[in-house]
Structures are given as C-alpha cells and as structure tokens.
Amino acid sequence: MEPECIMSAPGKAILHGEHAVVHGKVALAVSLNLRTYLRLQATSTSKVCINLPNINTFLSWDVTKLKQLLPDSGGERCFLLDAELVRRLRDLVGVSNGTLDTRSMAILAFLYIYLSVFAGSGELPSLTVSVWSELPTGAGLGSSAAYSVCLAAALLSASGTIPSLLSDQESTARWGEVEMELINRWAFQGERIIHGNPSGVDNVVGTWGGILRYHSGKITPLNRVPMLRILLTNTKVPRSTKVLVAGVKDKMNKFPSIINPVLESVNAVSCTCEQTLSEMTNDIPTPEHYNILEELIDINQHHLNVMGVGHPALDTLCRVTLARGLHSKLTGAGGGGCGITLLRPETECSVIQNTIQDLRDCGYDCWETSVGAEGVQQHSPLAVKEEALEVLARY
Ligand SMILES: Nc1ncnc2c1ncn2[C@@H]1O[C@H](COP(=O)(O)OP(=O)(O)OP(=O)(O)O)[C@@H](O)[C@H]1O
Ligand SMILES: C[C@@](O)(CCO)CC(=O)[O-]
Ligand SMILES: [Mg+2]
C-alpha cells in the first residue's frame, strides 16, 4: 500500500431529467468546477480514522472491532448491496433503519466500501481518510456522489485493485475505462447507502466528468455541445435526496395515471434539449435556440413542482431571475438546495451582476460556473489545489 494518495471528483448539475431518471427516463448532466478532495494515509496505529471537516465529523475504530463485521466475500459486492453488512454497520454506528442524518450516512458509506473492498484479502489495513469538499453538502450538486467516487477510487487503489497512477511529485492522472467502471460501480454502492434508490447519474458524472446523457445505465458523452454559461444559486434550504426521491415514488404509486405522463414529458424535454444542443453545435447558435432552451427550463420547472419537489425558495429564484429576463429551474433533487439559470451569449454583464446581487439579497449564494470539468483524478501532493491540501494536511 502506498503511504499516501490524494483523489478528487467533481460535483454535477442536472440540466434536465432529475427524478425522471430514477424511473428509466433520460437525463442530461454536466460536471462542475467544484470538487471533493480525499487524502488517504496508511498508518500503523491499528485504527481506521475518518475526518470529515465539512460535516464536523471525526471518528476512529479499532481494526480488530471492524474485522468482526467482515462480510464472507468481497469483489462481487459492487453489484448488489449486502443488506447483512449494512445491518451490522448500522448496529456499530448506532443508527436505526430510517435514519437520514448527514453523519451516519457518510460514515455508513465509508465503512461499507472499506470493508467490502478489503473483504477479499481477509486483512484490514489501518488507515486515515480525510475528505474535504468545495461543494455545499446536500444542496443538489452531487456532493454525495463526489464523496462516494473519491472513497471508491482511494480504497480500490489502497487495496491494489486498481493501480496507483503517479510517478512524480507534480502530476495529476486519470485511470483507464476498466478502472473507471469499477470506481463507478463502488461509488454507486455509496450512493445506494446515502440515497436509497439512486439512478446512478450522479456517480457517473463524478467518475467520467464532462457533459453526458444518461439513460437506464447507458452513458453517452456529448462531445460537441455549445459553450453553456450557467449561474448556480444555492437557496441554502436544507433537503435530503433520499426523502425527495421516496416522495416522488409515493406520488407515482398514488396517482400513476397523473405522474407517469409527467415523467414521460420530462423525458421529451431532455431529448428536445439534447437535439437543440446538437443543432447549436452543427449550425451557429441563434437566439431562437436559446428561446427553446429557456422554454424547456420553464416547462421542466413546472413538472418538478407537479412531482412535489419544488420549494418556495426555488419559486423565488425563478421569479427574481425572470424579472431580469433569465430562466431558472431547480437542479438535483430539489426541495430547496440549488437551481441553475441559463445565461444567453448576449446577456449583458450588468444584467448578470444585478441578478447575482438580487439573489444574494434574498440570502442565497450565487456564482457563475463553468461546466464539463474532468472526472475522478489522482493527484500528487504538489498538484493539488492549495486550499484543499491545506485542509487535508491538518489530519
Ligand atoms: N464533504 C462531505 N463530507 C462528508 N459527507 C458528505 C460530504 N458530501 C456529501 N456527504 C454525504 O452526502 C450526503 C448528502 O447527499 P444528498 O444526496 O442528500 O445531497 P447531494 O448529493 O448534495 O445532492 P443531489 O443528490 O441532489 O445532487 C450528506 O448527508 C453526507 O452524508
Ligand atoms: C433526484 C435524482 O434524480 C438526482 C439527484 O442529483 C436522484 C438520482 O438520479 O439518483
Ligand atoms: Mg446526492
């Protein structure tokens, strides 16, 4: 095992298709230039330690105690969640079945991947894992997926299942397709623990990065898309993806003939958006293209409200931006959290600045973001963003 490794993975924004994607519809998603960073250190303390400064969680366990929880076999566990292992971990962490609290979810996901990845070798190494993120936690930008992707990459690398990539002190590197598939599968298990019933789109974006279409597990990178300018707004209203996803399912069960057509319509929105983006890259983008993108945003935002995942703070976001001629929708699971606002090429700087100020006056965080960042990466210490290294080096 290498003495130390540092990984990072990006957050994501969903352009269209959140919730519908859980039920087999198309989603379009982009990676963000906000990342989660993880540092793993091999130790000889006979302890497993985790430091999660974003959620003020610092814990450790004796390796001998964790050994008692080892599942019978490893490896294949990246396909199905091992319910018995989850039960044992819940007992260890002291949480009941329905728990949703931030800490317990993060710890369960970590211990689940750690134990499963090392189960095959029968030996549990002592190590310290520290994770710090630029992403707001639980706000719709895929923080859970970026966290799970980093955990999967680091623990698979520590176990020797995938190679450690770096040869010199200053590089950043990415794995090949086979290793990324494996990272993605294990990250999906982390998402299952945190989300309950994830579609897999968030961990796919966290692993591969870029701009992509996701449909029932099938990933299609959109290599040619116009440069999209987006405002991200965090309403700071807390919410849980798990609860919201379960709420949509309840509505589907209660009113199938009403909700199923809505999901079908969201699917058509995603497909029409994809088609429009492709026309914009083949021809010169016109104002009419942007009008279509804006109408699709409005339609989808209404659909998401019908599904019950809106929030008054998101309504305010849409109203405030529309007053400046800009169109917004929630992104991710909704219920609060973040929204995206499309900027047109001709949108004047003063309009953008005034919109940002209006939103900040509502108490929201708001910033312009670039999309399409790299997926999961391994960094040498000298190639990590200074701020991230500074935080991770404290532990
Ligand atoms: N930096 C972090 N440190 C520790 N745990 C984290 C971190 N980021 C995310 N998590 C875990 O992920 C959970 C948030 O996941 P959740 O899916 O609800 O929100 P999200 O992923 O930010 O939004 P969405 O799924 O809508 O994109 C937290 O409760 C915590 O358990
Ligand atoms: C709400 C949802 O569609 C997106 C969360 O970012 C959930 C999922 O796809 O797993
Ligand atoms: Mg999530």
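Only heavy atoms go into these numbers, but all of them, side chains included; no hydrogens, no water, no symmetry mates. Whatever order the structure lists them in is the order used to number ligands and atoms, beginning at 1. Computed from a predicted model, the values in this text were never measured in an experiment.
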- Note on the structure: Within 4.0 Å of some non-hydrogen atom of K12, the atoms of ligand 1 are 24 (P), 27 (O)
- Query: If you measure from CD on E191 to CG on L81, what distance do you get to the nearest 0.5 Å?
  - Reply: 12.0 Å
- Query: Under 3.5 Å, is there a donor-acceptor pair between the N291 and E295 side chains?
  - Reply: no
- May I ask you to identify the nearest protein heavy atom to atom 7 (C) of ligand 2, giving residue, atom name and distance to one decimal place in Å? V22 CG2, 3.8 Å
- ang(NE2 H195, the Mg ion (ligand 3), OG S144) rounded to 10° is 90°
- Query: Numbering the atoms of ligand 1 from 1, which are under 4.0 Å from a heavy atom of T241?
  - Reply: 16 (P), 17 (O), 18 (O), 19 (O), 23 (O), 24 (P), 25 (O), 26 (O)
- Query: Of all the non-hydrogen atoms in the protein, which one sits nearest to atom 1 (N) of ligand 1, and at what distance?
  - Reply: N54 OD1, 3.2 Å
- Query: Is ligand 2 under 4.0 Å from a heavy atom in the side chain of E191, in the backbone, in both, or in neither?
  - Reply: neither
- Message: So which atom in A146 and which in P10 form the shortest heavy-atom distance, rounded to 0.1 Å?
- Response: CB-O, 3.7 Å
- Note on the structure: protein heavy-atom neighbour closest to atom 5 (N) of ligand 1 works out as A106 CB, 3.5 Å
- What protein heavy atom sits nearest atom 12 (O) of ligand 1, and how far away is it? S144 CB, 3.4 Å
- Nearest heavy-atom neighbours spanning N305 and G310: OD1-CA, 3.2 Å
- Message: Show the atoms of ligand 1 that are less than 4.0 angstrom away from any heavy atom in A139.
- Response: 22 (O)
- Task: Pick one of side chain, backbone, both or neither for how I194 approaches ligand 1, counting any non-hydrogen atom pair under 4.0 Å.
- Result: side chain
- Would you sort out whether H327 and L342 count as a side-chain contact (heavy atoms from CB on, under 4.5 Å), showing the intermediate values? CA-CA 6 Å; H327 295 247; L342 181 68; 5.6 Å; no
- Can you tell if the side chain of K249 reaches within under 4.5 Å of the side chain of N197, non-hydrogen atoms only? no
- Taking every non-hydrogen atom, the tightest pair across R88 and L69: NH1-O, 2.8 Å
- Side chains of R35 and S8: is there a donor and an acceptor less than 3.5 Å apart? yes
- Note on the structure: Among non-hydrogen protein atoms, atom 4 (C) of ligand 1 lies closest to I55 CD1, 3.5 Å
- Quick one: nearest non-hydrogen protein atom to atom 10 (N) of ligand 1, plus distance? T137 CG2, 4.0 Å
- Task: Look up atom OG in S199 and atom CD1 in I14, then write down how far apart they are to the nearest 0.5 Å.
- Result: 6.5 Å
- Taking only heavy atoms of H195, which atoms of ligand 1 are found under 4.0 Å from at least one of them? 17 (O), 25 (O)
- Query: Side chain, backbone, both or neither: which part of R103 has a heavy atom under 4.0 Å from ligand 1?
  - Reply: neither
- Task: Look at atom 26 (O) of ligand 1 and say which protein heavy atom is nearest, naming residue and atom and giving the distance to 0.1 Å.
- Result: R239 NH2, 2.6 Å
- Near G138, which atoms of ligand 1 are under 4.0 Å from a heavy atom of that residue? 14 (C), 19 (O), 20 (P), 22 (O)
- Shortest protein heavy-atom distance from atom 23 (O) of ligand 1, along with the residue and atom involved: G140 N, 3.1 Å
- Aromatic ring pairing W132/Y37, orientation class (parallel under 30°, perpendicular over 60°, tilted between): parallel
- Item | Donor-acceptor contact below 3.5 Å, side chain S159 vs main chain L156 | yes
- Message: Give me the residue, atom name and distance of the protein heavy atom closest to atom 5 (C) of ligand 2.
- Response: D202 OD2, 3.4 Å
- Under-4.0 Å heavy-atom contact with ligand 1, by part of T102 that carries it: both
- Message: Quick check on E191 - does any of its heavy atoms sit under 4.0 Å from an atom of ligand 1?
- Response: no
- Item | S328-T321 side chain donor-acceptor pair, cut-off 3.5 Å | yes
- Have R360 and Q357 got a donor and an acceptor in their side chains that come within less than 3.5 Å? no
- Salt-bridged, E346 to R344, with N to O below 4.0 Å? yes
- May I ask you to check whether H19 has an N/O atom sitting below 3.5 Å from an N/O atom of ligand 2? yes
- Message: Walk me through whether W175 and L182 qualify under side-chain contact (heavy atoms from CB on, under 4.5 Å).
- Response: CA-CA 10 Å; W175 289 271; L182 206 55; over 6 Å; no
- Query: Between the candidates G337, S199, C338, which shows the shortest non-hydrogen contact distance to atom 8 (C) of ligand 2?
  - Reply: S199
- Closest heavy-atom approach to atom 6 (O) of ligand 2 among R192, K12, K242 is made by K12
- How long is the span from the CG atom in L326 to the OG1 atom in T355, to the nearest 0.5 Å? 4.5 Å
- Message: At less than 4.0 angstrom from any non-hydrogen atom of H195, what atoms of ligand 2 do you find?
- Response: 10 (O)
- For A333, the ligand 1 atoms with a heavy-atom partner under 4.0 Å come out as 26 (O)
- Query: With a cut-off of 4.0 Å, which atoms of ligand 1 are near a heavy atom of S133?
  - Reply: 1 (N)
- Item | Proximity of I14 to ligand 2 by residue part, where a heavy atom lies under 4.0 Å | side chain
- Note on the structure: Counting from 1 in the order shown, the ligand 1 atoms closer than 4.0 Å to a non-hydrogen atom of L141 are 23 (O), 27 (O)
- Taking N or O atoms only and a 3.5 Å limit, does T36 qualify as a polar contact for ligand 1? no
